[in-house]
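Single-structure report; data block below.
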There are 2 protein chains.
Amino acid sequence: MLSSTEENYLKAIYKISERDNKAASTNAISSEISTSAASVSDMLQRLSSKGMTHYEKYKGVTLTEQGNKIATNLIRKHRLWEVFLVEKLNFTWDEVHDLAEQLEHIQSPDLVNRLDQFLEHPKFDPHGDPIPDADGNFTHRRQIELTNLATEEIGTLVGVQEDSSTFLKYLDRMGLSLGTELKVLEKFEFDGSVKLLVNNKEQITISNKVCKNLFVKK
Amino acid sequence: MLSSTEENYLKAIYKISERDNKAASTNAISSEISTSAASVSDMLQRLSSKGMTHYEKYKGVTLTEQGNKIATNLIRKHRLWEVFLVEKLNFTWDEVHDLAEQLEHIQSPDLVNRLDQFLEHPKFDPHGDPIPDADGNFTHRRQIELTNLATEEIGTLVGVQEDSSTFLKYLDRMGLSLGTELKVLEKFEFDGSVKLLVNNKEQITISNKVCKNLFVKK
DNA sequence: TTCTATTTTTAGATTAGTCTAAATTTATTA
DNA sequence: TAATAAATTTAGACTAATCTAAAAATAGAA
């Protein structure tokens, strides 16, 4: 069995490979989990000797099938716990990330599955991210970045890229939550900011950076 | 903040002091948490330097107010999680101990209290053990050991001493669970075993060892 | 293609928690 | 009360995970 630390490395490698579509570099991992490159280098050798990663010195690292399975399961646990915290314990969506980081390391295959059942097999977490099933299959999101919506088009907010507390609090403040209907009124070329009609009522303008972090369904 | 390991030492010290009504010895702790006496000795000095324990070499150890508070809170968390696992996720009472050992180390004051609220402030865990409130106060159990029941007396099973999986499975097998009504039919002096009438129906005989692990309310 | 900058790895040290073996202190008992 | 047994602590070593500094390898630019 792996330590929590080792598990966190696998998750980081998964996340980076997913994002960049290539082997994760030592530096990318070290900045993802805030440790020195030296520590990462050490750990990569350990994870490889345990059959979790394919690693060639100076060439970056990818997950083996086994490593991928563990990483996916961590994500499953993380997102299910987030649903539990929000739906059952009434936490807000900006409070649950750090807690789920702890809970995802609880060891018990039975627990995850019972939790999944208790929550009635949710497909998405409170941030709109898909929850993989017990076999590691994700429900594919039919969603696009808000930036890809043309003027006058309407979409429903179904997910966010970032889940930092500051970003989520900002969204709450602007009256944006999952399920909110958005109509693009105007796109400003100058800085990429966008003027929106929210739920057919209020008008707000959001920056390009915010825009890129919002997923909508047409 | 303390590590999980340090927390486990505090819990062990709490448990032993409670049971024996005196300072916990190095050996008692080492057998409670299955580590060498040398490791315990080391740890006791560390915990004392952190203000968690009163420790005098060769004289055993007791908890400071702060240490006591942490230990009590761990017990609170442990028992609340056990209620959650049994009531909400349908685990059986013999399956939850090890999982609760992991869950009790999750750090978040908010989480415990929300869990408590979600479970509607249970007073006892699935083994009949009292759950301390947020201030560390236990509901006093008005219960006696089954061994103290005289012949012909009737009691309701309200708690168990041990919560090892083997013991609890044995009880299930014998048709004994919390709430079961027991009538003492005969006490055998020879080996301390006892013949019981269970729920006014079946007759069983249990050993003295089992007897000592059962609490009843008259 | 060669030199320089960047990235990555190695070397060596540190901390928490553990161990065994040896030394020391306390308890028991003759 | 002196000798022996038991309990406890200290010494020294090990592993996992981390760090900084130095060395080595790779990538990029002239």
Side-chain angles (χ1 to χ4, degrees), chain A residues 1-13 15-17 19-63 67 70-71 74 101-102 104-105 107, chain B residues 1-13 15-17 19-63 67 70-71 74 101-102 104-105 107:
Chain A
M1 192 152 46
L2 300 183
S3 69
S4 293
T5 311
E6 290 168 324
E7 289 188 336
N8 284 334
Y9 275 91
L10 294 185
K11 232 183 12 160
I13 296 165
K15 199 168 165 184
I16 293 163
S17 310
R19 160 160 54 82
D20 303 346
N21 264 305
K22 59 176 185 191
S25 72
T26 302
N27 261 2
I29 297 167
S30 97
S31 81
E32 174 70 29
I33 58 182
S34 307
T35 44
S36 70
S39 304
V40 174
S41 200
D42 252 23
M43 182 57 95
L44 294 186
Q45 327 215 3
R46 189 133 43 91
L47 287 173
S48 285
S49 79
K50 291 192 178 188
M52 295 296 150
T53 52
H54 296 297
Y55 174 54
E56 234 189 303
K57 280 182 190 172
Y58 299 100
K59 304 286 182 190
V61 73
T62 55
L63 296 176
I70 291 174
L74 282 167
E101 289 284 289
Q102 293 184 61
E104 72 191 9
H105 297 294
Q107 301 286 354
Chain B
M1 190 151 52
L2 301 182
S3 68
S4 293
T5 311
E6 290 169 324
E7 288 188 338
N8 285 334
Y9 275 92
L10 294 185
K11 232 182 14 157
I13 296 165
K15 199 167 166 185
I16 293 163
S17 310
R19 159 160 54 79
D20 303 347
N21 264 304
K22 60 176 185 191
S25 71
T26 302
N27 261 1
I29 298 167
S30 96
S31 80
E32 175 70 28
I33 59 183
S34 308
T35 44
S36 70
S39 304
V40 174
S41 200
D42 252 23
M43 183 56 96
L44 294 186
Q45 327 216 3
R46 189 134 44 93
L47 287 173
S48 285
S49 78
K50 290 194 178 185
M52 295 296 150
T53 53
H54 297 296
Y55 174 55
E56 236 188 303
K57 280 182 192 171
Y58 299 101
K59 304 286 182 189
V61 73
T62 56
L63 296 175
I70 292 173
L74 282 167
E101 289 284 291
Q102 293 184 62
E104 73 191 8
H105 297 294
Q107 300 286 354

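Proteins get letters first, then strands, A, B, ... in listed order; numbering begins at 1 in each. Computed from a predicted model, the values in this text were never measured in an experiment.
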Over 12 non-hydrogen atoms of neighbours within 6.0 angstrom of CD in B:Gln45: yes
Write down the atom of B:Gly60, the atom of B:Tyr55, and the distance for their closest heavy-atom approach. O-CD1, 3.6 Å
Provide, to the nearest angstrom, the distance between the CD1 atom belonging to B:Ile29 and the C1' atom belonging to D:dT9. 14 Å
Roughly how far apart are A:Ser30 OG and A:Met43 CE, rounded to 0.5 Å? 13.5 Å
Going from CG on B:Leu74 to NZ on B:Lys11, what distance comes out if it is rounded to the nearest 0.5 angstrom? 6.5 Å
B:Glu6 CD to C:dT15 P: how many Å, rounded? 15 Å
Check this one for me: any side-chain N or O of B:Asn27 less than 4.0 Å away from OP1 or OP2 of D:dA6? no
Protein-nucleotide distance (A:Met43, atom CE; D:dC19, atom C1'), rounded to Å: 14 Å
Atom CG of B:Leu47 to atom P of D:dT9: distance rounded to whole Å? 13 Å
Mind running side chain to side chain contact (heavy atoms under 4.5 Å, CB included) on A:Thr35 and A:Ile29 for me, showing each step along the way? CA-CA 8 Å; A:Thr35 44; A:Ile29 297 167; 5.8 Å; no
CD (B:Glu56) with more than 12 external heavy atoms under 6.0 Å: no
Is there any protein nitrogen or oxygen under 3.5 Å from a nitrogen or oxygen in nucleotides 9-14 of chain C, and what are the pairs?
unit_1 : atom_1 : unit_2  : atom_2 : d
C:dT9  : OP1    : A:Tyr55 : OH     : 2.2
C:dT9  : OP1    : A:Tyr58 : N      : 2.8
C:dT9  : OP2    : A:Thr26 : OG1    : 2.8
C:dT9  : OP2    : A:Ser41 : OG     : 2.9
C:dT9  : OP2    : A:Tyr55 : OH     : 3.1
C:dT9  : O5'    : A:Ser41 : OG     : 3.1
C:dT9  : O4'    : A:Tyr58 : OH     : 3.4
C:dT10 : OP1    : A:Lys57 : NZ     : 2.3
C:dT10 : OP2    : A:Gln45 : NE2    : 2.7

B:Ser36 side chain N/O closer than 4.0 Å to the phosphate oxygens (OP1, OP2) of C:dC19? yes
Could you tell me the separation between the CG atom of A:Asn8 and the C1' atom of D:dA16, rounded to a whole number of Å? 14 Å
